[in-house]
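Take a look at the structure set out below.
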Amino acid sequence: MSLNYLLKRLLATLLTLWLVSLVVFGITQVLPGNAAQMILGEFATPEALEALERRLGLDAPVWLQYARWAGGILVGDWGTSTGTSLPVFGQVVENLGRSMVLAGIALFVVTLLAVPLGVMAAVRRGGVVDASVSVFSYLGVSLPEFVTATLLVVFLARPEIGLFPAGGYAPLSAGLWPFLSHLILPVSALTLILMAHISRQTRSEMVDVLGAEFVRTATLKGLSRRQVLVKHALRNAMLPTVTVIALDVGYLIGGIVVVEEVFAFPGLGRLLLFAIQNRDLPLLQGAAVTMAGVYALANLAADLAYAWLDRRIQYE
Amino acid sequence: MARVGRILLRSPMGVIGGALLLLCLGLVLFGPALAPYDPTRFHPAERLQGPSGAFWMGTDQFGRDILSRVLAGARATILFGVIATALGTALGTTIGLASGFAGGRIDEVVMRFNDSLLAIPGLLKALLIVTVLGPSTTNAMLAVAIATAPSMARIARSVTLSVRARDYVAAAIARGEGAAFIMAREMLPNVIAPVIVESTIRVAFAIMTGATLSFLGMGAQPPASDWGLMIAEARNFMHRNPWMVVWPGLSIAMVAIAFNLFGDALRDALNPRSGHGR
Amino acid sequence: MNAPDSIEGLSIDGLSVSYRTARGNLSVLRDVSLAIAPGEVVGLVGESGSGKSTLAYAIVNYLAENARVEGGSIRFAGEPLLGAAPDRLAAIRGKLVGMVYQDPSTALNPALRLGEQVAEVLRRHEGLDARAAAARTAELLAMVRLPDPRFIMRRFPHEVSGGEKQRVLIAMAFACRPRLLVFDEPTTALDATTAASILDLIRALQAETGAAVLYITHDLGIVAQITRRIAVIYGGAIVEAGETARVLRAPRHFYTRMLLASAPNPFSADARLHRRLVSFHGLPPDLHAPPPGCIFAARCPAVRDACREGVRALDGPSAQRSACLRAEEAAGFDLLAAEPVRPAIVAGAQAAGRTEAPLFSAEEVRVEYVRHPLLDQIMRRPASRVSAVAGVSFALAEGETLGLIGESGCGKSTLARALVGLRPFAGRLRLGDLAAEGGGAFPPGWRRAAQIVFQHPDQSLNPRMRVGEIIGRPLRLHQGLAGAALEKAAAGWLDRVRLPGSYARRFPHELSGGEKQRVAIARAFAPGPRLVVADEVTSGLDVSVQAAILNLLAELQETERTAMILISHDLNMVQRFADRIAVMYLGQIVEERRVSGPLAPPLHPYAEALLAAAPVPEPGLAARRVRLDGALPSPANPPPGCRFTTRCPRRLGDVCDTPPPWRALGPGHRALCHIEPAALAAIPPIWDRADSGSGGGPDKEGAPP
């Protein structure tokens with residue numbers, strides 16, 4: 001991979017992050033009321049408001065407020081939550097860690113299951129696996145996470161069964177089973193829609209590649225079916241799939257907001273909802289920028305992985 | 001178009017999707033009229049009932065008839081998806097078309113900004129917008145529309161660019177056609193079709209996102225008969241009456257499947273890929 | 001038909017294959033028999049849809065999922081190949097039977113290094129370990145004349161040229177010294193000079209290994225060069241088979257005869273007399289319901305009622321068998337009598353005696369592609385500039401045709417687009433009393449006076465407009481027609497391009513490729529242009545369709561007295577249809593001359609190579625071997641001085657690194673070259689009558705210059 005390409009992608013990602021910060025900051029600017037109002041409540045005297053606004057720098061011009069805020073983001077000073085009075089940065093990092101565990105496991109499980117399923121469906125087109133994958137994936141992409149999650153709670157976390165807790169989180173230090181038992185249902189809820197996406201994508205890429213002429217060449221060289229499939233077809237089918245997995249990080253982030261809410265899982269998504277419900281602007285900004293940042297980095301990682309896998313890119 | 005219809009009817013996907021879509025249309029037109037009860041009427045004696053002869057889908061925590069509420073919610077939910085997608089498609093297509101037509105520096109700047117909007121996950125975008133606008137069905141619809149626009153803009157632009165590179169556009173330029181004719185008559189009809197197909201699939205996404213917003217309390221507000229809201233309201237009672245979750249959940253899935261199936265079949269019919277594996 | 005006695009080679013017997021489609025059974029091959037003895041090269045000639053590729057892939061048992069073998073057998077060395085067990089099949093493929101494909105750019109795996117793609121065959125079939133396989137791969141790549149095998153082995157497909165890719169595929173096919181090779185149009189996707197080198201290589205390797213070869217192509221010129229026997233396939237049936245020289249000299253089937261007559265051949269008897277080719281009428285048969293009797297009956301000019309009855313099988317002595325009822329008459333039949341378009345003007349006479357001032361002139365036209373992405377601008381990096389057309393001048397009289405010839409990347413299409421105002425350029429253009437200066441706006445009348453016909457009618461006709469509107473638009477725009485008058489004029493143009501008036505209501509996708517191109521031609525001529533640029537207008541079409549399109553262009557041009565620029569890569573076609581030829585290489589015109597009959601020296605060295613590379617469907621003609629080494633230099637970084645010098649077989653020395661002068665070689669004949677005119681005139685002729693009458697391929701190779 002050429003340094004030039006790497007540099008280009010990095011620059012583009014930085015540009016994206018900058019624009020995202022503008023968008024997030026802009027959205028919180030047009031919200032009625034400001035942080036001072038939030039802290040002091042509806043019945044604050046104008047004098048007190050003004051004093052606090054000056055202290056918080058809210059009387060400065062907008063661009064200066066943005067510069068201060070963005071500068072703070074860069075050095076780890078993300079402001080103080082108006083809802084919890086705790087530093088935003090610490091809260092975001094702590095919750096992000098837990099969300100990453102959830103998302104990481106989900107992504108891992110999905111990739112492990114969906115890619116082989118998609119390949120099998122493509123290789124035996126019209127077979128049992130293919131039909132199941134196709135029915136299952138339509139169900140998957142058509143069921144929002146909150147429905148799946150709620151149904152899982154209804155049927156698997158019934159108090160009388162007691163198999164899984166209905167929500168919450170236990171750190172690994174509390175023991176392996178408590179840790180896992182709190183994760184199994186949220187992961188399942190997240191997995192369904194992603195499974196559907198990725199298995200469908202793998203299948204369609206694989207079907208395309210199997211029709212490609214170089215696969216014909218490989219077959220007519222007399223290679224074994226396995227060699228043709230694994231060495232020649234799968235390798236090429238995986239390239240676009242990598243991109244789709246990265247795009248699915250976007251869905252995953254949306255899904256996490258919902259799933260964390262349903263399972264009362266103390267992650268970044270729940271933090272965001274808390275911030276929205278409480279009009280906690282610093283916390284909202286911090287959580288939103290983090291989510292967008294994670295997504296941008298996932299896309300960058302996918303692009304780099306793609307470029308590394310497909311060496312043609314370096315010539316663009 | 002007749003040809004596309006014939007191809008659609010040949011694929012099982014198209015037939016099932018089309019049938020489900022007709023069912024959806026029926027629900028939009030007649031759903032509320034078919035409801036056996038007033039969807040907001042309390043039956044205090046019949047709270048949290050399972051399905052029965054009187055209440056086919058059971059009742060909720062206030063004793064309201066779930067079937068009536070599901071039927072009443074159908075029109076709102078489906079129209080929500082269609083209108084939000086139409087708005088988002090119109091907005092996105094306008095931006096994408098204009099950017100693609102303009103080309104050069106303008107195109108590069110517009111698309112850079114558009115890509116940054118795309119880099120915010122869809123639900124997060126919708127949530128942020130509703131936060132600004134305030135929770136309500138209309139605002140949720142606007143939020144979903146705005147959240148849809150960047151991806152439609154991307155699609156419209158890429159189609160515009162590929163159409164602009166076609167020789168029939170070159171031929172029009174070479175014979176001296178004006179810019180207005182080239183855009184309106186030579187390019188637009190060729191850009192619209194793929195954009196419409198793409199937007200059909202996005203109706204499912206819009207419905208699901210709208211329901212999710214309602215579920216999170218950011219969309220429809222009580223006492224509306226909204227499927228997402230019904231599930232949210234059911235959460236405190238779901239262990240006593242799981243049907244309160246199951247029926248609206250299935251309804252959302254059915255409508256989403258209808259649009260997903262039909263959209264995919266439409267895309268295949270318009271752009272048949274000739275796969276020939278061994 | 002009888003199976004051949006030889007048990008050694010390939011024998012296909014009574015093979016019938018059909019595809020199940022939405023519209024029913026498509027009968028792609030019907031009762032096809034073909035035999036190839038060891039060491040023999042047999043050509044299979046057919047157009048698209050003739051079933052020739054299905055036959056090729058049936059040999060290696062690689063048919064589409066919806067294909068069904070209805071009957072017949074394929075045996076190799078006595079062993080049945082159809083229905084062989086998968087394990088046995090895998091052992092045969094690549095080991096006993098090698099294949100080379102049409103498009104080398106898609107036949108190689110983009111994600112694997114070239115060396116590995118060859119080596120895996122050796123490991124699989126020859127049981128070599130990795131090290132031995134690599135060593136053998138290097139030998140094989142050297143055998144296919146790749147200059148630096150170890151370097152090539154480490155490259156990915158996208159890093160080498162099309163010709164190099166095809167060499168790697170040929171190395172792969174020959175890796176295990178197979179006893180049968182199937183070549184499926186291996187040079188069709190390549191430029192003429194590259195294709196000629198690949199053909200040389202195939203011929204040499206075949207002679208060396210003694211393998212049996214089935215060579216599939218649509219090009220009669222190629223079979224004339226490399227095969228001894230051919231079979232002609234049409235509509236899923238073999239209509240004629242026999243010794244190449246006999247079939248080409250005196251065909252015994254009307255399809256073969258028409259195929260020959262529709263391909264421009266500068267050596268044919270009528271080439272000097274007129275600009276018309278024999279064209280096919282109607283469409284190929286619908287193989288969902290193949291007609292009874294002769295498969296070609298519907299399009300045959302000599303058809304009789306008896307032709308439409310019964311099944312016609314190959315008949316006659318084994319040297320030349322035909323399925324035609326009137327086989328004796330095929331060779332001598334006057335095909336032009338059946339042509340609706342009578343030759344009006346005699347070429348040569350047309351070109352001679354033209355003295356009036358030119359109608360169109362281009363002076364020092366330059367076209368540059370500039371790429372300057374935003375990021376590069378921000379980082380203050382210079383824009384990347386590619387000069388696609390680097391100073392081209394020529395002139396054209398009314399009614400005259402200039403053939404612009406060159407290989408891909410020479411800038412001919414870019415030039416075409418500049419002339420009709422689709423590409424910014426530098427330089428001066430003049431058309432009648434209109435003048436256009438590069439960088440400035442075109443004068444208002446230009447867009448009516450200069451029209452273009454594009455290569456792919458699929459892309460040049462708006463899929464959402466009806467044919468009537470497509471043709472009517474320029475009439476409305478430039479002649480102010482509207483309403484009934486417009487409809488009448490559009491209908492008139494449909495008639496002039498020989499399409500029924502009902503086509504006005506149709507959409508382009510309801511037309512065949514040739515019909516679409518007719519619509520595009522009508523659109524170009526409708527506004528009454530004075531110059532028409534035809535950019536590779538027939539290269540996407542089958543041979544049998546090409547002729548009708550070319551005839552139509554010639555006819556319209558003659559009646560409208562339009563000047564025409566005929567852009568093509570096909571030297572035979574240009575020799576037949578153009579009054580003058582300009583040869584382009586890397587953005588420059590290197591030679592310009594009048595045409596009257598087959599081209600002959602004096603020639604620019606590049607034109608010499610082009611001419612030697614053009615296959616001519618004339619048996620017994622031997623071309624002197626002139627081949628180009630190396631690849632086309634990048635137009636972004638052309639050689640200083642003579643642009644051809646890096647590949648020129650006649651390079652003089654350091655002087656060639658300075659810009660060459662124009663050399664006058666005769667009236668209206670000049671070349672951009674450092675070589676003295678006398679030396680260019682002394683170049684020996686390219687074509688030579690080979691003495692042997694029966695030999696298909698010229699075996700002798702001319703002495704290198």
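The chains referred to below are lettered A, B, ... by the order of the sequence lines, with proteins before strands, and numbering in each begins at 1. Because the structure is a prediction, the values reported are computed rather than measured.
Closest of all the heavy-atom pairs between C:Asn109 and A:Lys231 is ND2-O, 4.2 Å.
Under the rule for a side-chain hydrogen bond (donor to acceptor under 3.5 Å, both in side chains), the partners of A:Gln201 that lie at least two apart in sequence or sit in another chain are A:Glu205. Considering only residues two or more places apart in sequence or on other chains, C:Tyr19 meets the ring-ring contact (aromatic ring centres under 6.0 Å, His included) condition with none of them.
Among the residues in residues 166-190 of chain C, those with a non-hydrogen atom closer than 4.5 angstrom to a non-hydrogen atom of chain A are C:Leu169, C:Met172. Near-neighbour residues of residues 121-131 of chain C relative to chain A, defined by a heavy atom under 4.5 Å from a heavy atom of that chain, comprise C:Val121, C:Arg123, C:Arg124, C:His125.
Residue contact with chain A, scored on non-hydrogen atoms closer than 4.5 Å, is absent for C:Asn61. Of the atoms belonging to C:Leu108, it is backbone heavy atoms, and not side-chain ones, that fall under 4.5 Å from chain A.
Side chains of C:Tyr101 and A:Arg216: no donor on one and acceptor on the other come within 3.5 Å.
If you take CG on A:Leu220 and OH on C:Tyr62, they are separated by 6.0 Å, rounding to the nearest 0.5 Å. Put simply, CG on A:Leu223 and CD on C:Glu120 are 4.5 Å apart, with the number rounded to the nearest 0.5 Å.
Of the residues considered (C:Met99, C:Lys95, C:Glu116), C:Glu116 shows the highest number of contacts with chain A, using heavy-atom pairs under 4.5 Å.
Heavy atoms of other residues, nucleotides or ligands lying less than 6.0 angstrom from CZ of C:Arg20 number more than 12. Counting heavy-atom neighbours within 6.0 Å of A:Met120 CE, excluding the residue itself, gives a total of 12 or less.
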Practice item. Report the C-alpha separation of A:Phe214 and C:Thr106 in whole Å, then their side-chain angles, then the decisive distance to 0.1 Å, and conclude whether the side-chain contact (heavy atoms from CB on, under 4.5 Å) test is met. Key: CA-CA 6 Å; A:Phe214 63 81; C:Thr106 54; over 6 Å; no
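Listed for the A:Thr217 side chain is a donor-acceptor partner under 3.5 Å among the backbone atoms of C:Ala107. Between the side chain of A:Lys221 and the main chain of C:Gln117, a donor-acceptor pair closer than 3.5 Å is present.
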